Amino acid sequence: MKFKKQLADGVIYKNPVLVQLLGLCSMLAITTSISNAIGMGLAVTAVLTCSNLLISLLRKVIPEQIRIASFVVIISGFVTIVEMLIKAYLPDLNKSLGVFIPLIVVNCIILARAEAFASKNGPVASILDGITMGIGYTLALIVISAIRELLGNGTLAGVNIMGSSYKPMLIAILPAGGFIILGCLIAGMNKLLSMTGKKKKEPAHTGDTLVTEKKAKEGTENA
Amino acid sequence: MNGENKMLTVSASPHMKSWETSRVLMLDVIIAMVPALIWSVYAFGFRALSLTVISVASCVIFEFLTQKLLKRPVTVLDFSAAVTGVLIAFNLPASTPLWIPAIGAFFAIVIVKQLYGGIGKNIVNPALAARVFLFIAWPNEIKNFIAPSSEKLSAFSINVDAVATATPLASLKQGVTPDVKIFDMFLGNTPGCLGEVSALLLIIGGIYLLVRKVITWHIPVAFLGTVAVISYLFPLDKSVHAWEFMLMELLSGGLILGAIFMATDYVTSPVTKTGRIIYGVGCGLITVFIRYFGGYSEGVSFAILIMNLLVWYIDQVTRPRVFGIRKEKKKKEKEAA
C-alpha cells in the first residue's frame with residue numbers, strides 16, 4: 001500500500017518535474033531526444049536511490065549543522081560512479097549528455113529528497129522514495145522529449161515518424177521551445193490535479209502524506 | 001440581456017457611455033491597415049492576399065474553437081483575432097508556404113492569447129510572438145524575400161520557388177549601404193515582408209489611427225525618434241551622409257509597422273503618458289542594439305516583446321499621484337528638516 005501511494009505521489013501528485021519544478025535546468029538542456037531522456041532519467045534514478053539509502057542509514061550519525069555538506073559529498077560520490085560507468089559502457093550517451101552527467105550532483109531533486117525524506121525516514125522507505133521519484137522524473141523527461149523530438153526533428157527515438165515531407169519545427173529542440181512546451185505541460189498538469197482534487201473533495205496532498213513526512217514539513221517550517 | 005435591459009444596466013461609477021468598444025477600435029485598426037494590404041497585393045501579387053486570408057481565417061477559427069472548448073464567451077466578433085491575423089501575414093514574406101500563417105495563428109491565439117485568459121490578459125502581443133516563433137521554427141522556409149513586381153507567385157500552390165533578394169536591412173547588417181533609392185524605400189519598392197515595405201501607406205494608416213484617437217503619438221514618436229537619434233549619431237557606414245544612413249535605418253525592416261501597429265497594442269503597452277515614452281525609448285534602444293550588435297538583422301519584434309514584459313513595472317513606476325496626496329518621501333524629508 002505504501003509503495004502504491006509513494007508511486008502515485010512520485011509520478012503524479014508530487015511529480016518532481018511537473019509539480020515540484022525541481023531540476024529544470026538539466027531537464028531543459030537534455031530533453032531534445034528520447035534516448036537522452038531515458039539515459040538521464042536512469043542515471044538520476046540510480047544516484048537518487050543510492051544516495052537516499054546511504055543518507056537514510058547515516059541519518060543519526062550526520063550532525064545537523066553540516067548535513068547539507070555531508071549530503072553533497074555522498075551524492076557526488078555516487079555521481080562519480082555513475083559517470084565512470086556511463087563513460088566506460090555507454091560512450092555515445094556520455095557524448096550526448098556531456099557535462100550534464102557530472103551536474104547531477106547539483107540536481108535539486110536529489111538534495112531535496114535527501115533533506116525532506118531520506119534524512120527523516122528508514123532505509124526501505126527511502127529506497128522506495130528514490131525509485132518512485134526517479135520513475136516520476138524519468139516519465140516526465142520522456143513525455144517532454146517525445147514532444148520535442150517529434151516536432152523538432154520528426155522522429156521518435158530516432159525512427160522517422162512524420163515522413164520525409166515534414167518540415168521540422170526547429171524551435172522545439174531549441175531552448176525557447178523547451179520552455180514553451182514545459183509551460184504547456186505544467187499548465188495541463190495543474191488542470192488535471194485541480195480536476196481530480198474536486199472529485200475527491202479534498203486536496204490531493206493532505207490525506208495521503210506519510211506521517212513522518214508531515215513531521216518533517218513541520219520541522220522545516222519551524223526552522 | 002440585450003434590447004431594453006441595456007438602458008437599465010446597474011453598474012458601479014463612472015456611468016459613462018462610450019462608442020469606444022473593442023469592436024470599433026479593432027475595426028479602425030483594420031481600416032488603417034487596408035492601404036498597406038492593397039499595396040502588398042499590388043507589389044507581390046495575389047499570393048499576398050491568400051496568405052492574409054488564410055492567416056485571418058485561422059485566427060478566427062482557432063479563437064472560436066478554444067473559446068468553445070474552454071467554455072468561455074465567444075468573442076470572435078470583436079475583430080481582435082482578425083487584427084492579429086492581418087499582422088501575422090504582414091510579418092511574412094510573400095514566398096512563405098501557405099501552411100505557415102495557419103500555425104502562426106495557432107500559436108498566437110491558443111498559446112499566447114487564450115491560455116493566458118483571452119483578450120486583455122495576454123502579456124505579450126500575440127502577432128509578434130507568432131512572428132518570432134515562426135522565424136525561429138522555420139528559418140529556411142521564411143528566408144526568401146522577393147523584390148516587388150519581379151515575378152508573379154502562384155496564389156494557391158503551397159510552396160513556391162522564388163528568387164531571393166537581399167532586403168535593405170540585410171545589406172545594412174553587413175555594413176553595405178543598400179543599392180536602393182530612399183524614395184523607393186519610402187514608397188515600398190523594396191523586398192521585404194508583406195506589410196512592412198511601404199512606409200508611406202503605414203504612416204497614412206497611423207495618421208488615421210491618431211485622428212480617430214485609437215492610438216496616441218507617444219509610443220511611435222519615442223520609438224522612431226530613439227532609433228533616428230542613435231543611427232544619426234553612430235552610423236555604421238561612414239561612406240554615406242549620416243542623415244542618409246538614418247533614413248535607411250528608419251525605413252528598412254518592420255520598424256514603422258512595429259512602431260505604429262504593434263507597439264501601440266492596448267493590452268501590452270503602458271497606460272500613462274510618461275510610461276509610454278519610456279516604453280517607446282526602450283523599444284528603440286533594444287532595436288538599434290540588436291540591429292548593430294545582435295545575431296539577427298531585425299530587432300524590432302524582439303525589442304517590442306522584451307518591452308511588453310516590462311509594461312507592468314513601467315506602469316507601477318509612472319503611476320500618477322492621487323490628487324491631494326503628497327509623496328511620502330518628500331513629507332518625511334520636510335519633517336526631518
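These values consider heavy atoms only, across backbone and side chains, with no hydrogens, waters or symmetry-generated copies. Convention: sequence-line order gives letters A, B, ...; per-chain numbering from 1. Since the model is a prediction, treat every value here as computed from it, not as a measurement.
- With a threshold of 4.5 angstrom between heavy atoms, B:Phe107 approaches chain A through side-chain atoms but not through N, CA, C or O.
- Annotation: residues 49-57 of chain B contacts chain A through no residue [non-hydrogen atoms, separation under 4.5 Å].
- Across all non-hydrogen atoms, the minimal contact from A:Lys167 to B:Trp138 is O-NE1, 3.0 Å.
- More than 12 heavy atoms of other residues, nucleotides or ligands lie within 6.0 Å of OH in B:Tyr292, so this atom counts as buried by the packing criterion.
- Identified by a heavy-atom distance below 4.5 Å to chain B, the contributing residues of residues 171-190 of chain A are A:Ile171, A:Leu174, A:Ile180, A:Cys184, in residue-number order.
- For B:Tyr313, the OH atom sits in a loose shell: 12 or fewer heavy atoms of surrounding residues, nucleotides or ligands are nearer than 6.0 Å.
- Residues of residues 84-93 of chain B never come within less than 4.5 angstrom of chain A, heavy atom to heavy atom.
- For the residue pair B:Phe133 and A:Met169, the shortest heavy atom distance occurs at CZ-SD, 3.8 Å.
- Evaluation of the side chain to side chain contact (heavy atoms under 4.5 Å, CB included) rule for A:Leu170 yields B:Pro139 as partners, not counting sequence neighbours.
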